[in-house]
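Throughout, protein chains are lettered first and strands after them, A, B, ... in sequence-line order, and every chain is numbered starting at 1.
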2 protein chains.
Amino acid sequence: MAPTSGQTPQLHAYVAVDVVLFTIDGGELGVLLVKVRDGAFTGRWAFPGSLVGVGESLEQVATRELRALTGVEDVYLEQLCTFGDPNRDPQARVVSTAYFGLAPAAGTPHRAPRYAEAAVFPIRRLPVPLAYDHEDMAVCAVDRLRSKLAYSNIVYGLLPVEFTLSELQEVYEIILGRHLDRRNFRKKILGTGLLKALTRQRRGAHRPATLYRFSRRRPTMVEML
Amino acid sequence: MAPTSGQTPQLHAYVAVDVVLFTIDGGELGVLLVKVRDGAFTGRWAFPGSLVGVGESLEQVATRELRALTGVEDVYLEQLCTFGDPNRDPQARVVSTAYFGLAPAAGTPHRAPRYAEAAVFPIRRLPVPLAYDHEDMAVCAVDRLRSKLAYSNIVYGLLPVEFTLSELQEVYEIILGRHLDRRNFRKKILGTGLLKALTRQRRGAHRPATLYRFSRRRPTMVEML
DNA sequence: CCAAAAGTGTTTAAACTACACCCATGA
DNA sequence: TCATGGGTGTAGTTTAAACACTTTTGG
């Protein structure tokens, strides 16, 4: 806590924040990766991250990073896990707190300052090995996302404001990796009372579908599945 | 990540680990607190913590801290959350990762080097205000404990190796803060197959009770309730 | 009129809840 | 023998899972 010493010499370390930004991309669950420009892992892909600035909170860093990369303002963000292994970055002692974020399909890999490249990769085909311990981070993030889908409404973060029930179901199926029964799904989801049917419909190639929106676009704990 | 700069000057911070050690004490859920010896919060109670040493991982720090405080070797430990608000410690920038631990009722507040005092407080009557942001930490830890009881066997960390079903049930009731039906509880718990009945019994003031132990004393995800 | 997605109920099985009595022991 | 906690089963209700046909539209 206060900088008094433990048994071993005390550490002054770099503190970083990395962001695992999920998005639905081409019918798959994708994450945003950037190509590392320098250091021991030059050329490998990694989750975008940034060192914490003086006076910045961890969440501010995550938000700042996301804005810079996607331009999107309103993303869901939650702290995930902190990685502090002494050798995770061979150049310096860097303790990194991972956040996970959700962005709607549309505008994801906007621009990537500070990085050679940025791209969304399907989570099932990551360009391994990733830099640092970012594969652990990926596992951790996917686990969290899967489990949290079932008992919260955070899926709104992956969808546009208005969507059809089929689209919603598709997102669930993509992330959970299994087929869901349409009738049971609708019963359950509508039963939460978190969705509001609009009068407008989505017209496409076939029968028009009712559009819905989440009545509250903020994290809420409910049994969704 | 690598120590390249963000928009704001990069930060070299202290990294600490704090441990929220739960134990069952006098029929209540208790946590181990220590009295802060110096700094802006002198005299207040806080969760025990330590700065990370050179070459130490976060988990090592948590383990070291727990050993020093309790002498107990085999405690359940899990990373909880990281607190990095710039002003959480007015003396220095300290980013702290909280762990939560579970120790069996017996030997808890062993010895407290480096601290003026150490004591177990019931979670419902903490000596507020705690130092730093440790009240947030407490809330976070209790939430995690409650939810994790329901779908994992980590409760083993709060019990001695051998225990009766009534003792197990009592732990659940204390932590969840509500009464559980004895018959349903036994059905559910025995249905997990994680308990092994011993031939020995606990003899007390009344009818002897069958002793059980967890067949695996390692974290396992199962529907316990 | 055909293809494709939207929409809708019922039946069955499993899980959860509530509930009351007898048993074994120590004092 | 009495007080105390240990141990057991069932009925009613709720929740989850499986399942197929009709509707609406665009092409």
N or O in side chain of A:S166 less than 4.0 angstrom from C:dA6 OP1/OP2: yes
Closest listed nucleotide, where the reference is the side chain of B:R207 and the choices are D:dA20, D:dG9, C:dA24: C:dA24
Nucleotide D:dA16, atom P - distance to NZ of A:K187 in whole Å: 10 Å
Whether A:S215 side chain and A:L194 backbone form a donor-acceptor pair below 3.5 Å: yes
Nearest non-hydrogen partners of B:Y172 and B:S152, listed with the distance: OH-O, 4.1 Å
Parallel, tilted or perpendicular: ring planes of B:F214 versus B:F163, cut at 30 and 60 degrees: tilted
Whole-Å distance separating the CG atom of B:N184 from the C1' atom of D:dT8: 12 Å
Between P of C:dC16 and CE of B:M224, the distance in whole Å: 14 Å
Contact nearer the 5' end of DNA chain C, comparing B:G204 with B:L225: B:L225
Sugar-phosphate, base or nothing in reach of A:R186, heavy atoms under 4.0 Å: base
Upstream residue (5' side of DNA chain D) when A:H206 and B:H206 are each assigned their closest nucleotide: B:H206
Distance in angstrom units between A:R182 CZ and D:dT23 C1', rounded: 12 Å
Contact under 4.0 Å: A:T210 side-chain N or O vs C:dA6 OP1/OP2: no
Euclidean distance, atom CG of residue B:L190 to atom C1' of D:dT8 [Å, nearest integer]: 12 Å
Spacing of B:R183 atom CZ relative to C:dC19 atom C1', expressed in whole Å: 6 Å
A:L145 and its side-chain contact (heavy atoms from CB on, under 4.5 Å) partner, picked from A:I123, A:V20, A:L102: A:L102
Rounded interatomic separation in angstrom, taking NZ from A:K188 and C1' from D:dA16: 8 Å
Whether B:Y76 and B:Y156 hold their rings parallel, tilted or perpendicular, with breakpoints at 30° and 60°: perpendicular
First of B:Q201 and B:A205 reached from the 5' end of DNA chain D, by closest nucleotide: B:A205
Between D:dA16 (C1') and A:L180 (CG): distance, integer Å: 13 Å
